[in-house]
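We name chains A, B, ... by the order of the sequence lines, and we start the count at 1 in each one.
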Number of protein chains: 2
Amino acid sequence: MSVKREKLIETALELFAKNGFHATGIDTILAHAGVAKKTLYSHFRTKDELILAALRQHDGEFRNFFMKNVEALADTPEERLLAVFDVAEAWFSQNNFYGCMFINAVGEYSEEGTAIREVCKEFKRLMHSYMKSLAEQAGIKEADELASELALLLEGSIVTAQVSEQRDKAAKTAKRVAKTLIDEANS
Amino acid sequence: MSVKREKLIETALELFAKNGFHATGIDTILAHAGVAKKTLYSHFRTKDELILAALRQHDGEFRNFFMKNVEALADTPEERLLAVFDVAEAWFSQNNFYGCMFINAVGEYSEEGTAIREVCKEFKRLMHSYMKSLAEQAGIKEADELASELALLLEGSIVTAQVSEQRDKAAKTAKRVAKTLIDEANS
DNA sequence: GACAAAGTATACAGGTCTGTCTACTATTTG
DNA sequence: CAAATAGTAGACAGACCTGTATACTTTGTC
């Protein structure tokens, strides 16, 4: 694929994360990426298509980052369910942490059923699916229920880290509750 | 206070909630409110000041709605801690539910220390404070910890209801975990 | 080396944005 | 009743928005 296209998506992701989608203009993206306007519009028909491509790429990249780190931090499925919140803490402490891009996107695009919303919904579905598979591998009976509970905790910690700026505490509180829930589901 | 000013804030809140802050123009607010531009700029110096006034009013209104409903649904402090999630479920099921306006605002305004961000942070602090006082009234030792845990669950259920559109399930899952945590903190 | 593909730079159209200004009209208050 | 206050309607400036078009340049491939 084109290196210009990749540069555009990379730049767009940074600016969308920091300043939001509506507040980030095409010209700003072009200036930061060092790409001409015509090149952008040869790769993407509209700004919305660029947003969509950026979100789709971030979906893949982020889940890859997340799973790779979970698997590096712990070996057993049960330990990995807990490690999710260690990875979250490391994520929150990055200096370019601006919350979850998919949550932020839904805040700006409220119309249900649109492509942008569906990508965000799918990302959350896949994160839930990942935690459910870990729970199943750990031999937990109510794997789906536990995954929903842990997903809720993860969302809560992301938003608390973003809004209340208590990043370490948000992750640690979520992890403490997660431990309680995993122990309970295992008994 | 001026009825025009109130109408402006009310209209702005509806449009900001539905379409976001950057995507909602001054002219759109004026047309919906039936107010002249000069009147707006006699009450607010800039759009940001209107946003700030709207957020501050929503802070008061929302917490009042929340606490009134919690207190109507349950009588004892312990039951009220659980009722928080029944009120959340009722909130999510409103047809004009677009998630938490403060979370959405932070997604659009990333610069820490700005007035808009501080209002959002303060709202979350006050919600935590409310749940902490309920926990204290219920005689729970680690009231602050429990409040942080329940706040995390509440945030998680809000975001899940908004993004994943499983509104009933999000509230019920959070309530189920909350019950576990409250029982544990009481033992 | 020729030629097609991909890129640059930039002007432009048509629209929207915030905020100011002028001129006029109700409304309230002393 | 008169004067101050608060409002309407709308034009306007200057900036920014998305998306298209023109003319030129680089790059890669046969």
For nucleotides 20-26 of chain C, which of its nitrogen or oxygen atoms have a protein nitrogen or oxygen under 3.5 Å away, and what is each distance?
none

Separation of B/His43 atom NE2 from D/dA6 atom C1', in whole Å? 8 Å

Nearest-Å distance for atom pair CG/P, residues A/Leu40 and D/dC17: 14 Å

Determine: side-chain N/O of B/Thr39 to OP1/OP2 of D/dT8, distance under 4.0 Å, yes or no. yes

If only atom types and distance count, is the side chain of A/Arg80 paired as donor or acceptor with the main-chain N or O of A/Ala74 below 3.5 Å? yes

One thing to verify: whether A/Glu142 and B/Arg176 come together as a salt bridge, which I'm taking to mean a side-chain N less than 4.0 angstrom from a carboxylate O. no

Quick check on C/dG7: is either OP1 or OP2 less than 4.0 Å from any side-chain nitrogen or oxygen of A/Lys4? no

Could you state the CG-C1' distance from B/Leu30 to D/dG7, rounded to the nearest angstrom? 13 Å

Taking CD1 from A/Ile51 and P from D/dC17, how many angstroms apart are they, rounded to a whole number? 13 Å

Examine D/dA6: is either OP1 or OP2 under 4.0 Å from a nitrogen or oxygen in the side chain of B/Ser2? Give yes or no. no

Check side-chain contact (heavy atoms from CB on, under 4.5 Å) between A/Glu155 and all other residues, then give those that pass, not counting sequence neighbours. A/Ile103, A/Lys124, A/Ile158, B/Val159, B/Thr160

Less than 4.5 Å apart, side chain to side chain, heavy atoms only: is that true for B/His22 and A/Phe21? no

Nearest-Å distance, CD (A/Glu6) to P (C/dG7)? 11 Å

Relative to the ring of A/Phe123, is the ring of A/Phe62 parallel (under 30°), tilted (30 to 60°) or perpendicular (over 60°)? perpendicular

Rounded off to whole Å, could you give me the CZ-to-P distance for the A/Phe44 and D/dT18 pair? 15 Å

Give the minimum heavy-atom separation between B/Leu154 and B/Phe66, together with the two atoms involved. CD2-CZ, 4.2 Å

Please report the interatomic distance CD(A/Gln162) to SG(B/Cys120), rounded to the nearest 0.5 Å. 10.0 Å

Most 5' of B/Val35 and A/Thr24 on DNA chain D, judged by nearest nucleotide: B/Val35

Considering only side-chain heavy atoms of A/Ser42, which listed nucleotide, D/dT18, C/dG7, D/dG7, is closest? C/dG7

In whole angstroms, the gap separating P of D/dT5 from CZ of B/Arg5 amounts to 19 Å

Starting from P on D/dG10, measure out to CG on B/Asp27 and report it in whole angstrom. 13 Å

If you compare every side-chain N and O of B/His22 against the phosphate oxygens of C/dC17 (OP1, OP2), does one of them come in below 4.0 Å? no

Salt bridge check, A/Lys175 against A/Glu89: does any charged N sit closer than 4.0 Å to a carboxylate O? no

Strictly below 4.0 Å, heavy-atom distances to any atom of DNA chain D: list the hits from residues 12-21 of chain B, or just say none. none

With side chains defined as the heavy atoms from C-beta onward, is the minimum distance between B/Val177 and B/Leu150 less than 4.5 Å? no

